[in-house]
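Working notes, structure below.
Remember, it's a predicted structure, so these values are computed and weren't measured experimentally.
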Amino acid sequence: MDGTGIASTTNTASETDTFPRIISVDDHTVEPPGVWQDRLPAKYRDIGPRIVRAPLKEMTFLGGKFAPVMGEKGDEGPIGDWWIYEDLHRPLTRLDTAVGYDRDEIKLEVITYEQMRPGSYSVPDRLADMDVNHVQSALCFPTFPRFCGQTFTEAKDRELGLLGVRAYNDWMVEEWCGPEAHGRLIPLTLVPLWDAELAAAEVRRNAARGVRAVAFSEIPPHLGLPSIHTDDWDPFLAACAETGTVIAMHIGSSSKMPSTSADAPPAVGSTITFANCCFSMVDWLMSGKFERFPGLKIMYAEGQIGWIPYILERADVVWEENRGWGGVADKVHRPPSELFASHVYGCFFDDAFGLKNLDAIGVGNVLYETDYPHSDSTWPKSREVGESQMGHLPPDVVDRIVRGNAISLLGLTPDGLWPGK
């Protein structure tokens, strides 16, 4: 045993016959009710993010758009816990925390904290659920702020928004990934997306306390922000490159999930969620940013990996044959596939096809995840899924995918723990 209370994880797949302890680079936290109320200045507590219990009036999720309407006290309708912030009313839903429920029982419905698995918001319970799932360490994306802090970017009060971002980051580093986590929870922080200089300062503030990952939008223009092709983001990108901070982009971090029509059922979008990652990766490969900032690393959470080989093949052809008129000859001087190999990481939790084509992606460019506690999560069978899909791979390759690449990318200890400061 080590100081975390778990068995030593220094053994790898190449040294034993067991599947390596998983380092998941895409799990999620459901923020406890007091995250902002406990940290915001007193004058903001009545308008900052807070939880109320109220009935649901109506809720739809069509064409990739989630539209809940909160009822008034005393109204009929199912009761749920709602985050209130300025004009926003956002309920906790079963999709936020679905583990432990039969797949056919998972519906689009509002819930309370008492109706979710405690590991969603409680550190000790999360560690216990990680043990059940053969997971040693986990990087967690937000819930209420959304996947890259869009909630604060869309708010009217910029001063309060910045305080909200910083309060979340303080909670993430000091509590969620604090001493109680024993290094097993890896911090992922937010930045004020509306100001690249402020974003750079927040990257450096958190890097000084050991943070090596920051959330960002897969397609910023969908949020009304500049594209990655402009120079607007350069202060932020420079800060990430200088501090070794990985830019982590989760599907849906542009507040626009892929869909085909306004009336398409959620199953359509769920099937093609990788599409935003696909579009985003081509943006980055053709932006010239990797050559301007050689230390940049980016990762795509929950994007899966099976689509990557063709995109790299096509991007190389376009770069080779069409870069003159394609607008990239003066800024992209290497084949996109080479840039990918040096700067981009794909993340998956269930992608047998991608693993069969691993040579075309690159062993060093793939990370594993469990997506706890979402409805797509492989919990509590992430090990079994991994064993089934990686059985054809050599043990040293499995070890790199399941933990080794994450250790290197996120600056973890050799045992796979977050070292903090």
Any V402 side-chain heavy atom under 4.5 Å of M390 side chain | yes

Say whether N405 and S408, considering side chains only, have a donor N or O and an acceptor N or O under 3.5 Å apart.
-> no

Report yes or no: does R323 contribute a side-chain atom to a donor-acceptor pair with the main-chain N or O of V318 at less than 3.5 Å?
-> no

Are D26 and H28 close enough that a side-chain donor and a side-chain acceptor fall under 3.5 Å?
-> yes

Given the options V282, D316, V344, P336 meets side chain to side chain contact (heavy atoms under 4.5 Å, CB included) only with D316

Once the angle between the rings of F216 and W284 is folded into 0 to 90°, is it parallel (under 30°), tilted (30 to 60°) or perpendicular (over 60°)?
-> perpendicular

Any side-chain donor-acceptor pair under 3.5 Å between R146 and T151?
-> yes

Given K289 and D234, is the salt bridge (charged side-chain N to carboxylate O under 4.0 Å, His left out) satisfied, shown in steps?
-> CA-CA 9 Å; K289 299 302 183 184; D234 285 5; 2.9 Å; yes

Is the closest side-chain heavy-atom distance between R21 and V135 below 4.5 Å?
-> no

E218 versus I251, closest heavy-atom pair with distance = OE1-CA, 3.3 Å

Is there a donor in the side chain of H229 and an acceptor in the side chain of D283, or the other way round, less than 3.5 Å apart?
-> yes

Would you say the side-chain atoms of N169 pair up with the backbone N or O of T189, donor to acceptor, closer than 3.5 Å?
-> no

Ring centre gap for Y368 and F348 strictly below 6.0 Å | yes

For the side chain of D157 and the backbone of L160, is there at least one donor-acceptor N/O pair under 3.5 Å apart?
-> yes

Donor-acceptor side-chain pairing of D415 and T413 below 3.5 angstrom = no

Evaluate the side-chain proximity of L198 to R158: yes if any heavy-atom separation is below 4.5 Å, no if none is.
-> no

No-hydrogen, no-angle side-chain donor-acceptor test under 3.5 Å, N133 and S382 | yes

Between R45 (side chain) and L40 (backbone), is there a donor-acceptor pair under 3.5 Å?
-> yes

Salt-bridge test for R209 and E174: reply yes if a basic N is under 4.0 Å from a carboxylate O, no otherwise.
-> yes

Identified side-chain hydrogen bond (donor to acceptor under 3.5 Å, both in side chains) counterpart of R117 within the set D125, D129, T97 | D129

Taking the six-membered ring for Trp and the single ring otherwise, decide whether the centroids of H250 and Y300 are under 6.0 Å apart.
-> no

Is it true that the side chains of D81 and T112 contain a donor and an acceptor less than 3.5 Å apart?
-> no

For the pair T243 (side chain) and A239 (backbone), establish whether a donor and an acceptor sit closer than 3.5 Å, ignoring hydrogens and angles.
-> yes

Side-chain donor-acceptor contact under 3.5 Å, D351 with Q389 | no

For a ring pair (Phe, Tyr, Trp, His ring centres under 6.0 Å) with W36, tell me which candidate from F144, Y44, Y85, W171 qualifies.
-> F144

Just do the salt bridge (charged side-chain N to carboxylate O under 4.0 Å, His left out) check on E180 and R126 with the steps written out, would you?
-> CA-CA 11 Å; E180 196 174 33; R126 173 60 64 93; over 6 Å; no

Short side-chain to backbone donor-acceptor contact, S388 and V385, under 3.5 Å = no

pair L162-F152: side-chain heavy atoms closer than 4.5 Å = no

Say whether S120 and D96, considering side chains only, have a donor N or O and an acceptor N or O under 3.5 Å apart.
-> no

Carefully, step by step, assess D371 and T378 under the rule side-chain hydrogen bond (donor to acceptor under 3.5 Å, both in side chains).
-> CA-CA 7 Å; D371 198 29; T378 51; over 6 Å; no

Distance-only polar pair, side chains of R403 and Q136, donor-acceptor under 3.5 Å = yes

Would you sort out whether E175 and R39 count as a salt bridge (charged side-chain N to carboxylate O under 4.0 Å, His left out), showing the intermediate values?
-> CA-CA 12 Å; E175 291 198 28; R39 290 168 182 77; 2.2 Å; yes

Sub-3.5 Å donor-acceptor pair from the side chain of Q150 to the main-chain atoms of L223, do we have one?
-> no

